[in-house]
J.: 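Pasting a structure here, questions to come.
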Amino acid sequence: MTDVTKVFILVATVIIVCLLCALGFKLVANGKSSIQVNTNKFNELQGQYSEIDLSLYEGSLIPGSEVISLIKEAVDEKQYLAIEVKTLNGDFTTYNYVYVADREGKRLEEEGPQGQVPNTTAATKKQEYGYINPMAMYLGNTCKDDNGAIICIHFEQQP
(Lines give C-alpha, C1' and ligand atoms only; values in the text may rest on other atoms or scores of the structure.)
Protein backbone atom coordinates (compact mmCIF):
# COMPACT_ATOMS: atom_id res chain seq x y z
CA MET A 1 0.00 0.00 0.00
CA THR A 2 1.31 3.40 -0.88
CA ASP A 3 1.49 6.38 1.43
CA VAL A 4 -1.27 8.18 -0.50
CA THR A 5 -3.65 5.26 0.01
CA LYS A 6 -2.86 5.17 3.73
CA VAL A 7 -3.57 8.92 4.03
CA PHE A 8 -6.91 8.54 2.17
CA ILE A 9 -7.91 5.68 4.48
CA LEU A 10 -6.93 7.74 7.55
CA VAL A 11 -8.87 10.81 6.30
CA ALA A 12 -11.90 8.67 5.42
CA THR A 13 -11.79 7.07 8.88
CA VAL A 14 -11.63 10.47 10.59
CA ILE A 15 -14.59 11.75 8.50
CA ILE A 16 -16.66 8.65 9.29
CA VAL A 17 -15.88 8.96 13.01
CA CYS A 18 -16.89 12.65 12.96
CA LEU A 19 -20.15 11.83 11.16
CA LEU A 20 -20.93 9.08 13.67
CA CYS A 21 -20.22 11.43 16.60
CA ALA A 22 -22.44 14.15 15.09
CA LEU A 23 -25.20 11.61 14.51
CA GLY A 24 -24.85 10.38 18.11
CA PHE A 25 -25.12 13.92 19.54
CA LYS A 26 -28.20 14.58 17.39
CA LEU A 27 -29.86 11.37 18.60
CA VAL A 28 -29.11 12.25 22.23
CA ALA A 29 -30.64 15.72 21.77
CA ASN A 30 -33.75 14.24 20.13
CA GLY A 31 -33.98 11.64 22.89
CA LYS A 32 -33.88 14.31 25.59
CA SER A 33 -36.70 16.29 24.01
CA SER A 34 -38.72 13.11 23.46
CA ILE A 35 -38.27 12.10 27.09
CA GLN A 36 -39.30 15.59 28.26
CA VAL A 37 -42.46 15.55 26.12
CA ASN A 38 -43.43 12.08 27.31
CA THR A 39 -42.70 13.00 30.94
CA ASN A 40 -45.04 15.98 30.62
CA LYS A 41 -47.74 13.75 29.12
CA PHE A 42 -47.27 11.22 31.92
CA ASN A 43 -47.57 13.93 34.60
CA GLU A 44 -50.72 15.26 32.94
CA LEU A 45 -52.30 11.79 32.83
CA GLN A 46 -51.31 11.16 36.43
CA GLY A 47 -53.01 14.42 37.47
CA GLN A 48 -56.18 13.43 35.64
CA TYR A 49 -56.15 9.95 37.15
CA SER A 50 -55.75 11.26 40.69
CA GLU A 51 -59.10 13.05 40.39
CA ILE A 52 -60.99 10.11 38.90
CA ASP A 53 -61.78 8.67 42.33
CA LEU A 54 -63.24 12.05 43.42
CA SER A 55 -65.15 12.67 40.19
CA LEU A 56 -67.03 9.39 40.72
CA TYR A 57 -69.05 11.13 43.45
CA GLU A 58 -70.54 13.64 40.97
CA GLY A 59 -74.25 12.82 40.72
CA SER A 60 -73.91 9.49 42.54
CA LEU A 61 -76.02 8.20 45.39
CA ILE A 62 -73.64 7.14 48.15
CA PRO A 63 -74.52 5.40 51.42
CA GLY A 64 -73.77 7.35 54.61
CA SER A 65 -71.21 4.76 55.67
CA GLU A 66 -69.13 5.59 52.59
CA VAL A 67 -69.47 9.33 53.27
CA ILE A 68 -68.13 8.71 56.80
CA SER A 69 -65.23 6.66 55.37
CA LEU A 70 -64.41 9.43 52.87
CA ILE A 71 -64.36 12.02 55.67
CA LYS A 72 -62.05 9.84 57.77
CA GLU A 73 -59.72 9.22 54.81
CA ALA A 74 -59.56 12.91 53.86
CA VAL A 75 -58.77 13.96 57.44
CA ASP A 76 -56.25 11.16 58.09
CA GLU A 77 -54.37 11.75 54.82
CA LYS A 78 -54.62 15.55 55.14
CA GLN A 79 -56.05 15.82 51.62
CA TYR A 80 -56.69 19.26 50.15
CA LEU A 81 -60.42 18.55 50.08
CA ALA A 82 -63.49 19.95 51.78
CA ILE A 83 -66.46 17.68 52.43
CA GLU A 84 -69.85 19.25 53.07
CA VAL A 85 -72.81 17.23 54.33
CA LYS A 86 -76.43 18.41 54.50
CA THR A 87 -78.91 16.18 56.31
CA LEU A 88 -82.70 15.99 55.99
CA ASN A 89 -83.25 17.95 59.20
CA GLY A 90 -81.25 20.88 57.76
CA ASP A 91 -77.93 20.32 59.54
CA PHE A 92 -75.02 21.50 57.38
CA THR A 93 -71.55 20.40 58.43
CA THR A 94 -68.16 20.97 56.81
CA TYR A 95 -65.27 18.54 57.27
CA ASN A 96 -61.50 18.87 56.80
CA TYR A 97 -61.58 22.35 55.17
CA VAL A 98 -64.10 25.13 54.50
CA TYR A 99 -64.97 25.66 50.83
CA VAL A 100 -65.10 29.38 49.97
CA ALA A 101 -66.33 30.76 46.64
CA ASP A 102 -66.24 34.55 46.36
CA ARG A 103 -64.87 37.35 44.17
CA GLU A 104 -61.32 36.18 44.92
CA GLY A 105 -62.06 32.72 43.49
CA LYS A 106 -62.89 29.25 44.70
CA ARG A 107 -60.57 27.91 47.39
CA LEU A 108 -60.29 26.06 50.69
CA GLU A 109 -59.67 27.75 54.02
CA GLU A 110 -58.89 26.56 57.53
CA GLU A 111 -61.67 28.85 58.80
CA GLY A 112 -64.79 30.14 57.06
CA PRO A 113 -65.74 33.79 56.48
CA GLN A 114 -68.03 33.81 59.54
CA GLY A 115 -65.45 32.03 61.71
CA GLN A 116 -66.79 28.50 61.18
CA VAL A 117 -64.17 25.80 61.70
CA PRO A 118 -64.42 22.48 59.84
CA ASN A 119 -64.99 19.29 61.83
CA THR A 120 -62.45 16.49 61.80
CA THR A 121 -64.80 13.66 62.82
CA ALA A 122 -68.36 12.76 61.90
CA ALA A 123 -71.04 12.78 64.62
CA THR A 124 -71.74 9.24 65.87
CA LYS A 125 -74.89 9.78 67.97
CA LYS A 126 -78.30 10.48 66.45
CA GLN A 127 -78.95 13.47 68.72
CA GLU A 128 -75.68 15.21 67.74
CA TYR A 129 -75.67 18.05 65.22
CA GLY A 130 -74.74 16.85 61.73
CA TYR A 131 -75.30 13.14 62.43
CA ILE A 132 -74.64 11.12 59.25
CA ASN A 133 -76.94 8.12 59.10
CA PRO A 134 -74.81 5.22 57.75
CA MET A 135 -77.88 3.63 56.16
CA ALA A 136 -79.20 6.80 54.44
CA MET A 137 -78.34 7.70 50.84
CA TYR A 138 -76.53 10.94 49.98
CA LEU A 139 -76.36 12.60 46.57
CA GLY A 140 -72.83 13.75 45.76
CA ASN A 141 -71.84 16.93 43.93
CA THR A 142 -68.26 18.07 43.24
CA CYS A 143 -66.95 21.64 43.22
CA LYS A 144 -63.78 22.68 41.40
CA ASP A 145 -61.34 25.52 41.93
CA ASP A 146 -60.37 28.05 39.24
CA ASN A 147 -57.81 25.57 37.84
CA GLY A 148 -60.41 22.81 37.41
CA ALA A 149 -59.21 20.65 40.31
CA ILE A 150 -61.84 19.07 42.56
CA ILE A 151 -61.50 20.66 46.00
CA CYS A 152 -64.95 20.08 47.53
CA ILE A 153 -67.54 17.32 47.58
CA HIS A 154 -71.04 18.25 48.75
CA PHE A 155 -73.35 15.46 49.94
CA GLU A 156 -77.07 15.99 50.47
CA GLN A 157 -79.16 13.36 52.21
CA GLN A 158 -82.00 12.04 50.07
CA PRO A 159 -85.48 11.29 51.43
J.: Please name the residue in the list Ile83, Ile71, Asn141 that meets the side-chain contact (heavy atoms from CB on, under 4.5 Å) test with Phe155.
T.: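 By the side-chain contact (heavy atoms from CB on, under 4.5 Å) criterion, Phe155 pairs with just one of Ile83, Ile71, Asn141: Ile83.
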J.: Tell me the closest heavy-atom pair linking Tyr95 and Gly130, and the distance in Å.
T.: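 Looking at all heavy atoms of both residues, the shortest contact is OH-O, 3.6 Å.
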J.: Heavy atoms only: give me the nearest Leu81-Ala74 pair and the separation to one decimal.
T.: CD2-CB, 4.4 Å
J.: From Glu77 CD over to Lys72 NZ, what is the distance, rounded to the nearest 0.5 angstrom?
T.: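 One finds 10.0 Å between CD of Glu77 and NZ of Lys72.
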J.: Might you work through the side-chain hydrogen bond (donor to acceptor under 3.5 Å, both in side chains) test for Thr87 and Gln157, ending with a clear yes or no?
T.: CA-CA 5 Å; Thr87 60; Gln157 186 176 356; 4.7 Å; no
J.: With Leu19, which of Ile15, Val17, Leu23 fulfils side-chain contact (heavy atoms from CB on, under 4.5 Å)?
T.: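 When side-chain contact (heavy atoms from CB on, under 4.5 Å) is applied between Leu19 and each of Ile15, Val17, Leu23, only Ile15 qualifies.
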J.: What distance separates Ile153 CD1 from Glu58 CD, expressed to the nearest 0.5 Å?
T.: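 Nearest 0.5 Å value for the CD1-CD distance: 9.5 Å.
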J.: Is there a side-chain contact (heavy atoms from CB on, under 4.5 Å) between Leu139 and Ile62? Walk through the geometry before answering.
T.: CA-CA 6 Å; Leu139 179 63; Ile62 307 296; over 6 Å; no
J.: Looking at Pro134 and Ile68, what are the two nearest heavy atoms and their distance?
T.: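 Smallest heavy-atom distance, with atoms named: CG-CD1, 4.3 Å.
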J.: Using the rule that two of Ile, Leu, Val, Met, Phe, Trp, Tyr join whenever any of their side-chain heavy atoms come within less than 4.5 Å, decide whether Leu70 and Tyr131 are in one cluster.
T.: no
J.: Hey, does Leu88 have a side-chain heavy atom less than 4.5 Å from the side chain of Pro159?
T.: yes
J.: Say you draw a straight line from SG of Cys143 to CD1 of Ile151; how long is it, rounded to the nearest 0.5 Å?
T.: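 It is 7.5 Å, given to the nearest 0.5 Å.
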J.: Pair Tyr57, Glu66 - check side-chain contact (heavy atoms from CB on, under 4.5 Å), show working.
T.: CA-CA 11 Å; Tyr57 292 109; Glu66 189 172 333; 3.5 Å; yes
J.: Using side-chain heavy atoms (C-beta onward) and a distance below 4.5 Å, is Leu61 in contact with Gln158?
T.: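 Answer yes - side chains close enough.
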J.: Could you tell me whether the side chain of Glu156 reaches within less than 4.5 Å of the side chain of Phe92, counting heavy atoms only?
T.: no
J.: Considering all heavy atoms of both residues, which atom of Glu84 and which atom of Cys152 are nearest to each other, and what is their separation?
T.: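 Scanning both residues completely, I find the closest heavy atoms to be CD-SG, 3.7 Å.
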J.: Spell out, as yes or no, whether a donor-acceptor pair under 3.5 Å connects the side chain of Asn96 to the backbone of Gln79.
T.: yes
J.: Show, in sequence, the C-alpha distance, side-chain angles and deciding distance for Tyr129 and Asn89, and conclude whether the side-chain contact (heavy atoms from CB on, under 4.5 Å) test is met.
T.: CA-CA 10 Å; Tyr129 182 86; Asn89 63 358; over 6 Å; no
J.: Let's go through Tyr138 and Val85 carefully: what are the C-alpha distance in whole Å and the side-chain angles of both, what is the deciding distance for side-chain contact (heavy atoms from CB on, under 4.5 Å) to 0.1 Å, and is it a yes or a no?
T.: CA-CA 9 Å; Tyr138 293 81; Val85 180; 3.9 Å; yes
J.: Once rounded to the nearest 0.5 Å, what's the spacing between atom SG of Cys21 and atom NZ of Lys26?
T.: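 It is 15.5 Å, given to the nearest 0.5 Å.
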